[in-house]
Amino acid sequence: MLPHFHNTLTRQTEPLTLLDPEQKKLRLYTCGPTVYDHAHIGNFRAYLFEDLLQRHLESRGYDVERIMNLTDVDDKTIRGAHAKGISLDAYTRPYKDAFFADCAALRLRPAKAYPEATDPKNIERMIAMITTLVERQHAYQAEDGSVYFRITSFADYGKLAHVDLQEQRPSGRVQSDEYEKEQIADFALWKAWSPEDGDVRWESPWGAGRPGWHIECSAMATRLLGDQIDIHCGGIDNLFPHHEAEIAQCECVTGRSFVSLWMHCAHLMVDGSKMSKSAGNFYTARQLMERGWSGREIRYTLLAVHYRIPLNFTMEGLEASRQAIARIDTWRERLQEFATVDTSVRPLEKLGSIDLENFFNSLDNDLNISAALAVLFEVIRESNRQLDAGTFSADQVAGLRQWWQRVNSILALEQEPEEVIPEAVATLLAARQAARDAKNWGDSDRLRDEIASLGWQIKDTKGTQKVLRRF
RNA sequence: GGCGGGGUAGCCAAGUGGUAAGGCUGGGCUCUGCAAAAGCCCCAUUCGUCGGUUCGAUUCCGACCCUCGCCUCCA
């Protein structure tokens with residue numbers, strides 16, 4: 001069965017069709033962050049959805065060539081650099097580094113490339129595209145020196161967001177002073193330099209200035225992936241006008257259909273309302289990690305809800321994820337004690353009445369992660385039962401471990417190898433074991449509390465003690 | 001006004017024209033020196049409201065209510 005995905009363009013769930021079906025090669029473009037600040041968990045929800053998409057497609061044998069851009073020049077980055085009195089590059093560099101560190105902590109698979117808007121190769125491409133658009137009357141230079149896209153020149157404008165421009169009512173956010181434009185909805189391709197921009201400027205046929213946001217993605221996507229790409233993803237808030245503008249720019253330049261499949265991720269809410277700085281319900285991944293939440297706990301929380309459903313992020317949700325992950329961890333350890341990974345053993349296909357392929361089949365259905373996780377937890381319960389009853393063969397467990405490896409190649413939730421137990425904890429553990437051997441329960445309990453206060457939780461099993469790191 | 005997402009047990013959340021997955025919490029049991037941890041078991045006559053179609057609707061149709069967004073540079 002082919003994977004099916006919901007296409008924003010058609011508002012239908014469709015079988016995946018590739019430009020290059022023989023090679024199973026898939027070109028994927030994902031809108032990346034604007035590096036004016038640390039990415040927040042709303043951003044990461046989108047990146048995690050894309051990660052799930054990529055990992056699942058790879059598990060299905062597709063060769064996924066994913067590009068994620070970094071927007072490192074815009075109003076906010078220029079303003080930020082100016083406020084600190086440093087260069088644009090000096091301002092954005094730490095946020096780029098932080099972004100990659102956060103991605104690693106959340107176990108995002110790296111993209112093939114992370115093109116930056118300020119890269120001369122990309123600026124060159126943007127200028128070339130704008131030149132073509134101006135030549136073909138799709139764009140014009142206005143009184144203010146900026147170049148705008150003429151939306152009335154592109155009949156398909158609005159096909160992605162399904163909007164009719166005649167029906168649009170300007171919202172309060174629209175600047176009414178943009179009288180230079182022919183149409184209020186015309187968007188900037190090239191922004192003329194102004195004194196606030198300082199030394200952030202590139203020369204162009206229309207004078208000094210800098211690119212508009214939308215043209216960045218069009219230029220980087222087509223430069224690295226070609227005129228036509230298979231899948232383009234982003235947050236729902238990029239649907240309009242950003243992605244609509246990308247289509248207009250690319251299709252007016254190339255004359256070809258830009259993207260086959262558009263996928264958009266719904267918003268992240270915090271405690272029931274939209275995340276915003278002013279409301280104080282704004283989290284970055286690193287803030288959560290500083291509070292003791294692990295990357296995989298954040299990963300699970302953001303991944304476990306279907307991407308097209310608004311996700312309400314709460315501390316209770318994180319706590320629930322922590323418990324769910326602990327269940328997976330202990331199950332996995334139990335399998336590990338029972339059988340080693342043996343690649344000569346075929347992955348198990350059925351466990352009791354559970355078809356293990358249903359995990360992957362569920363993801364084929366527009367990334368139905370809830371159904372997929374339900375399969376995982378059913379497998380956990382059933383295999384625990386069988387392990388309790390002693391009805392499992394070593395081969396079956398080995399086969400189950402093979403299955404888990406496939407599952408984990410998508411979920412990426414497996415715990416890191418055991419943390420090294422600190423010397424102090426090890427000493428206390430030895431003392432407690434001695435006390436226990438002497439049936440000195442008073443000392444045993446006291447030492448247990450002492451170890452717990454260091455952040456390690458004791459698990460007593462027959463004859464031995466185990467400790468787990470607890471935050 | 002236009003476009004779009006939601007409303008399923010205490011919380012999160014799948015799902016199908018035929019009688020409700022899964023996770024968390026809670027309760028019970030097993031294990032245990034005690035506890036914790038862990039495992040197993042139990043926990044929605046009911047799917048926003050009201051109508052309609054149907055042998056039968058949470059699932060299809062209509063109306064309504066509530067809620068969250070987008071409509072020019074926020075993933």
Side-chain angles (χ1 to χ4, degrees), chain A residues 8 11 30-34 39-50 71 74-76 151 158 161-175 178 181 184-188 191 212-214 216 233-242 244-245 264-269 272-277 300-301 304-306 308-312 314 316-317 319-328 330-331 333-334 362 368-378 380-381 384-385 387-389 436 439-441 444-445 448-449 452 457-462 466 468 470:
Chain A
T8 310
R11 304 283 158 97
T30 54
C31 282
T34 302
H40 55 67
I41 54 172
N43 299 318
F44 279 111
R45 184 196 187 188
Y47 307 145
L48 279 162
F49 137 65
E50 291 153 0
T71 296
D74 79 321
D75 290 352
K76 293 195 208 86
I151 59 161
H162 294 231
V163 294
D164 178 349
L165 285 172
Q166 306 307 316
E167 307 260 342
Q168 291 305 292
R169 167 195 290 185
S171 72
R173 293 200 272 163
V174 177
Q175 296 287 326
E178 292 182 300
K181 297 192 287 187
I184 192 78
D186 286 355
F187 54 88
K191 295 185 150 191
W213 178 41
H214 310 308
E216 292 177 10
C233 302
I236 188 74
D237 44 358
N238 275 165
L239 172 64
F240 192 88
H242 183 56
E244 197 69 59
H264 291 93
C265 170
H267 268 115
L268 181 83
M269 318 280 292
S273 54
K274 189 187 177 183
M275 186 168 64
S276 72
K277 280 183 172 165
Y300 184 94
T301 305
V305 173
H306 185 81
R308 285 194 288 114
I309 304 288
L311 165 59
N312 188 26
T314 61
E316 292 71 29
E319 186 58 43
S321 297
R322 173 168 288 179
Q323 297 308 326
I325 290 173
R327 182 164 163 79
I328 297 170
T330 49
W331 167 74
E333 281 169 12
R334 203 173 174 195
S362 297
N368 188 339
I369 186 69
S370 300
L373 288 173
V375 174
L376 172 61
F377 286 107
E378 281 168 1
I380 289 175
R381 189 187 307 121
N384 277 328
R385 273 194 211 112
L387 252 11
D388 286 347
R436 292 176 66 70
K439 297 200 188 298
N440 184 345
W441 308 123
S444 171
D445 291 353
R448 179 169 64 203
D449 292 343
Q457 183 174 41
I458 300 257
K459 294 171 71 173
D460 287 327
T461 55
K462 285 195 182 74
K466 283 185 179 178
L468 287 175
R470 281 286 186 256

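FYI, side chains are in, hydrogens and waters are out, and symmetry mates aren't considered; it's all heavy atoms of this structure. Since we're looking at a predicted model, the values are computed, not measured. Just so we're on the same page: letters track the sequence lines, and every chain starts at 1.
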Quote, to the nearest angstrom, the [atom1] distance that separates [N] from [M].
N     : M     : atom1 : result
B/G39 : B/U25 : P     : 11 Å
B/G18 : B/A57 : C1'   : 9 Å
B/C12 : B/G4  : P     : 26 Å
B/U53 : B/C61 : P     : 16 Å

Considering every strand shown, what is the Watson-Crick or G-U wobble mate of [N] when both distances are under 3.5 Å?
N     : answer
B/C3  : B/G69
B/C43 : none
B/G18 : B/C55
B/A38 : B/U30
B/A63 : B/U49

Once you apply a heavy-atom cut-off of 4.0 Å, does [X] come out as touching a base, just sugar-phosphate, or nothing?
X        : value
A/Gly317 : nothing
A/Leu268 : base
A/Val375 : nothing
A/Ile458 : base
A/His214 : nothing
A/Lys439 : nothing
A/Ala161 : sugar-phosphate

Kindly indicate whether the side chain of A/Ser444 and the base of B/G33 share any N or O donor-acceptor pair separated by less than 3.5 Å?
yes
Classify the side chain of A/Asn312 versus the base of B/G6 as yes if they form a donor-acceptor pair under 3.5 Å and no if they do not.
no
Minimum side-chain heavy-atom gap [X]-[Y] below 4.5 Å:
X        : Y        : answer
A/Trp213 : A/Asp74  : no
A/Arg436 : A/Trp441 : yes
A/Glu244 : A/His162 : no
A/Ile151 : A/Phe187 : yes
A/Phe49  : A/Cys233 : yes

Going by salt bridge (Lys or Arg N to Asp or Glu O under 4.0 Å), name the residues that satisfy it together with A/Arg385, two or more places apart in sequence or in a different chain.
A/Glu382
Salt bridge (Lys or Arg N to Asp or Glu O under 4.0 Å) with A/Asp75: which residues, sequence neighbours excluded?
A/Lys191, A/Arg210
Please work out which of the three classes, parallel, tilted or perpendicular, describes the rings of A/His214 and A/His242, given edges at 30° and 60°.
tilted
Roughly how many Å is it from [atom1] in [X] to [atom2] in [N], rounded to a whole number?
X        : N     : atom1 : atom2 : answer
A/Asp388 : B/C40 : CG    : P     : 7 Å
A/Ile151 : B/C71 : CD1   : C1'   : 12 Å
A/His306 : B/U8  : NE2   : P     : 17 Å
A/Glu333 : B/A37 : CD    : P     : 15 Å
A/His267 : B/C71 : NE2   : C1'   : 13 Å
A/Asp445 : B/U32 : CG    : C1'   : 12 Å
A/Leu311 : B/C68 : CG    : P     : 16 Å
A/Arg45  : B/G5  : CZ    : P     : 15 Å

So, is [X] close to the [N] phosphate, meaning a side-chain N or O under 4.0 Å from OP1 or OP2?
X        : N     : answer
A/Lys191 : B/C73 : no
A/Arg448 : B/C34 : no
A/Thr314 : B/C12 : no

Report all interatomic pairs (protein N or O, nucleotide N or O of nucleotides 23-30 of chain B) with separations under 3.5 Å.
unit_1, atom_1, unit_2, atom_2, d
B/G23, OP1, A/Arg381, NH2, 3.4
B/G23, OP2, A/Arg381, NH2, 3.4

Output the single nucleotide from [options] whose closest atom is nearest the side chain of [X].
X        : options             : value
A/Ala326 : B/A38, B/G4, B/C71  : B/A38
A/Met269 : B/G33, B/C12, B/C68 : B/C68
A/Ala374 : B/G22, B/C3, B/A13  : B/G22
A/Asn368 : B/G15, B/A21, B/G39 : B/G15
A/Arg385 : B/C74, B/C41, B/C3  : B/C41
A/Arg334 : B/G33, B/A14, B/G39 : B/G39
A/Arg11  : B/A14, B/G4, B/A38  : B/G4

All heavy atoms of A/Gly317 vs all of A/Thr301, minimum pair found to be O-OG1, 4.1 Å
Which heavy-atom pair separates A/Pro33 from A/Tyr47 by the least distance, and what is that distance?
N-OH, 3.1 Å
